[in-house]
Amino acid sequence: MSENTTAVKDLQQQTAQKTVLFEIRRQDTAESQPYWESFELEYRPNMNVISALMEIRRNPVNAEGKQTTPVNWEMSCLEEVCGACSMVINGRPRQSCTALVDQFTQPIKLEPMKTFPVVRDLIVDREFMFDSLKKIKAWVPIDGTYDLGEGPRMPERKRQWAYELSKCMTCGVCLEACPNVNDNTNFMGPALLSQVRLFNTHPTGAMNKDERLATLMTDGGIGECGNSQNCVVACPKGIPLTTSIAAMNRATNVQMFKNFFGSDHMVD
Amino acid sequence: MSRESDFYLRRLHSLLGIIPVGLFVAQHLVINHFATRGPEAFNAASDFMGNLPFVLFLEWFIIYIPLMFHGFYGVYIAFTAKNNVQRYGTFRNWMFMLQRITGVFLVIFIAWHIYDTRIQKALGVEVNFDMMAKVLSNPFMLAFYIAGVLAATFHLANGVWSFLVSWGITQSPRSQTIVTYISMAIFLILSVIGVQALLAFVV
Ligand code: HEM
Ligand code: SF4
Ligand code: FES
């Protein structure tokens with residue numbers, strides 16, 4: 001009993017002495033110059049990047065002991081399903097809510113995903129991805145002027161792999177990882193190519209298959225992919241992005257020939 | 001810079017990389033291998049190739065026009081990428097970057113090589129074994145030519161891999177891995193053939 005309490009005391013003393021150093025790339029407004037600011041926090045067991053950012057918000061004092069503004073970031077689900085908290089941590093894009101401090105070498109560097117416009121500090125605007133989702137018609141149209149009834153059934157085995165594709169949370173990590181998503185191109189990015197595969201796999205969604213493929217064949221579409229395959233390494237959801245891309249390569253190529261020669265098989 | 005026609009141009013770029021440019025490069029290296037059988041064998045092969053019927057037509061439509069399109073559009077593709085091998089040091093990301101570096105180097109090498117050979121021929125110089133032997137007797141030139149051959153064989157072998165992905169032929173991770181090994185074998189075999197031929201001019 002008494003032994004145990006000493007052990008707890010020891011641990012508390014150890015953790016009280018331990019600190020965690022953060023270097024954060026800050027930017028006050030969308031137009032202003034970015035700058036770096038360091039923060040030194042008391043270590044707590046199981047601390048993650050978000051809990052550290054909350055600590056900074058509670059007590060916004062930087063490593064030099066100066067009062068500063070709280071660091072801004074976005075979050076929502078806190079369980080790696082919404083994608084809002086994505087940022088670049090020690091050089092790699094990922095979700096900060098699942099980034100445990102123990103897994104990183106210090107100082108832990110936090111940066112926004114600069115592939116997207118920076119709004120403030122670690123907050124970026126991912127509207128580009130949402131606009132692209134509209135362009136590729138990432139939905140299944142079911143409206144009619146009368147009850148269309150049930151759609152065709154989806155084979156269970158197909159549903160299983162399509163489910164994996166549906167896990168995408170539009171977090172933008174694969175766009176940040178891709179060497180071809182940048183200011184020189186309008187490439188919509190790996191996630192979007194995989195979404196076309198998802199909606200074209202759905203038996204009702206497939207009825208507008210050619211329209212989605214047509215978007216992939218325009219500027220910013222699948223032609224911009226250069227097969228660096230970083231996306232599949234980076235995706236936190238383990239989505240088989242490169243398989244989707246190759247599958248969409250085949251689909252767009254076949255569509256290209258159908259469009260050129262004419263075909264009765266536009267959607268089958 | 002991006003256009004609505006990008007998709008079609010990329011597909012054309014990909015196709016031309018294999019047919020005809022890739023096939024021509026493989027054929028070119030094999031024919032050059034006659035050099036290992038001595039000057040007469042090389043000169044006979046070179047005469048045969050240089051005097052094919054419709055040779056000008058063949059040169060322009062199988063080599064120059066497709067190569068220029070692939071090369072110049074390739075430079076554009078190469079410079080639109082923002083390479084990030086520091087961030088993702090994976091095999092494929094390195095191949096992605098090397099495909100672009102070898103491509104840009106090939107523009108320089110091929111221009112030089114065409115000047116050395118085809119343009120000299122057009123200017124009336126006789127292009128044969130002795131002439132190549134003279135060019136390659138300079139150690140810098142030999143090194144430059146070896147680098148050029150290796151860049152071309154690498155670019156072609158890795159190009160076969162990405163061609164198969166671009167056309168949706170290899171989709172699953174396993175099929176892509178198997179083709180990675182096949183492309184490595186293509187790189188090794190063509191490199192040995194190409195470098196052996198170059199060394200035949202100097203020893
Ligand atoms: C020796 C002559 C050449 C051969 C045989 C060749 C062959 C190929 C092949 C087969 C591909 C794969 C196409 C695909 O990804 O579907 C390719 C890709 C590429 N080539 Fe070449 N090429 C040659 C010269 C060049 C030159 C001079 C450049 C100029 C920079 C170049 C730049 C590129 C680039 C950037 C790619 C990547 C395209 C992509 O992944 O989207 N190539 N090449
Ligand atoms: S595919 Fe993966 S990395 Fe890309 S946006 Fe979706 S969840 Fe994020
Ligand atoms: S807060 Fe939703 S993924 Fe991190």
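Proteins come first, then strands; the chains are lettered A, B, ... in the order of their sequence lines, and each starts at number 1. Below, each value reflects all heavy atoms present in this structure, side chains not excepted, and no hydrogens, waters or symmetry copies.
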Between B:Arg92 and A:Asn230, is there a side-chain heavy-atom distance shorter than 4.5 Å?
no
Surrounding OH of B:Tyr8 (heavy atoms of other residues, nucleotides or ligands, distance under 6.0 Å), is the total greater than 12?
yes
Mind checking whether A:Gln229 and B:Phe91 have side chains closer than 4.5 Å, heavy atoms only?
no
Quick check on B:Phe79: does its CZ atom have over 12 non-hydrogen neighbours (other residues, nucleotides or ligands) under 6.0 Å away?
no
Engaged part of A:Leu216 at the chain B interface, taking heavy atoms whose separation is under 4.5 Å:
backbone
Within the structure provided, determine whether A:Met256 and B:Phe7 are in side-chain contact (heavy-atom separation under 4.5 Å).
yes
With only heavy atoms counted, which part of B:Trp161 is less than 4.5 Å from chain A, the side chain, the backbone, both or neither?
side chain
CZ/B:Phe54: more than 12 non-hydrogen atoms of other groups inside 6.0 Å:
no
Check: B:Arg11 main-chain N/O paired with A:Asn253 side-chain donor or acceptor under 3.5 Å:
no
Tell me, do A:Asn184 and B:Tyr76 make a side-chain contact under 4.5 Å, heavy atoms counted?
no
Using a 6.0 Å cut-off, check whether atom CD of B:Glu126 has over 12 heavy atoms from anything other than its own residue.
no
Do A:Ile222 and B:Arg10 have side chains that approach each other closer than 4.5 Å (heavy atoms only, starting at C-beta)?
no
Counting heavy-atom pairs under 4.5 Å with chain B, the top scorer among A:Gly221, A:Ala251, A:Pro93, A:Cys178 is A:Pro93
With a 4.5 angstrom heavy-atom cut-off, which part of B:Thr170 approaches chain A: side chain, backbone, both or neither?
backbone
Give a yes or no on whether B:Arg37 atom CZ has more than 12 heavy-atom contacts from other residues, nucleotides or ligands under 6.0 Å away.
no
Could you look at B:Leu9 and say if it's the side chain, the backbone, both or neither that has a heavy atom under 4.5 Å from chain A?
neither
If you compare all heavy atoms of A:Pro179 against all heavy atoms of B:Asn93, which two are closest, and at what distance to 0.1 Å?
CG-OD1, 4.3 Å
Within 6.0 angstrom of A:Glu127 CD, more than 12 heavy atoms from elsewhere
no
Which of B:Asp6, B:Ile77, B:Thr80 passes side chain to side chain contact (heavy atoms under 4.5 Å, CB included) with A:Thr185? Answer is B:Thr80
Applying a strict 4.5 Å limit to non-hydrogen atoms, the region of A:Val88 in contact with chain B is side chain
Whether over 12 other heavy atoms sit under 6.0 Å from A:Lys109 NZ:
no
Do the side chain of B:Asn84 and the main chain of A:Ala177 share a donor and acceptor less than 3.5 angstrom apart?
yes
Atom pair NZ/OG1 of B:Lys82 and A:Thr115 - distance to nearest 0.5 Å:
8.0 Å
For A:Ser244, is it the side chain, the backbone, both or neither that has a heavy atom under 4.5 Å from a heavy atom of chain B?
neither
May I ask you to check whether over 12 heavy atoms, not counting those of A:Trp36, lie within 6.0 Å of atom CH2?
yes
Hey, which residues of residues 234-243 of chain A are touching chain B, say heavy atoms under 4.5 Å apart?
A:Ala234, A:Thr242, A:Thr243
Compare all side-chain heavy atoms of A:Asn227 with those of B:Gln176 and state whether any distance is below 4.5 angstrom.
no
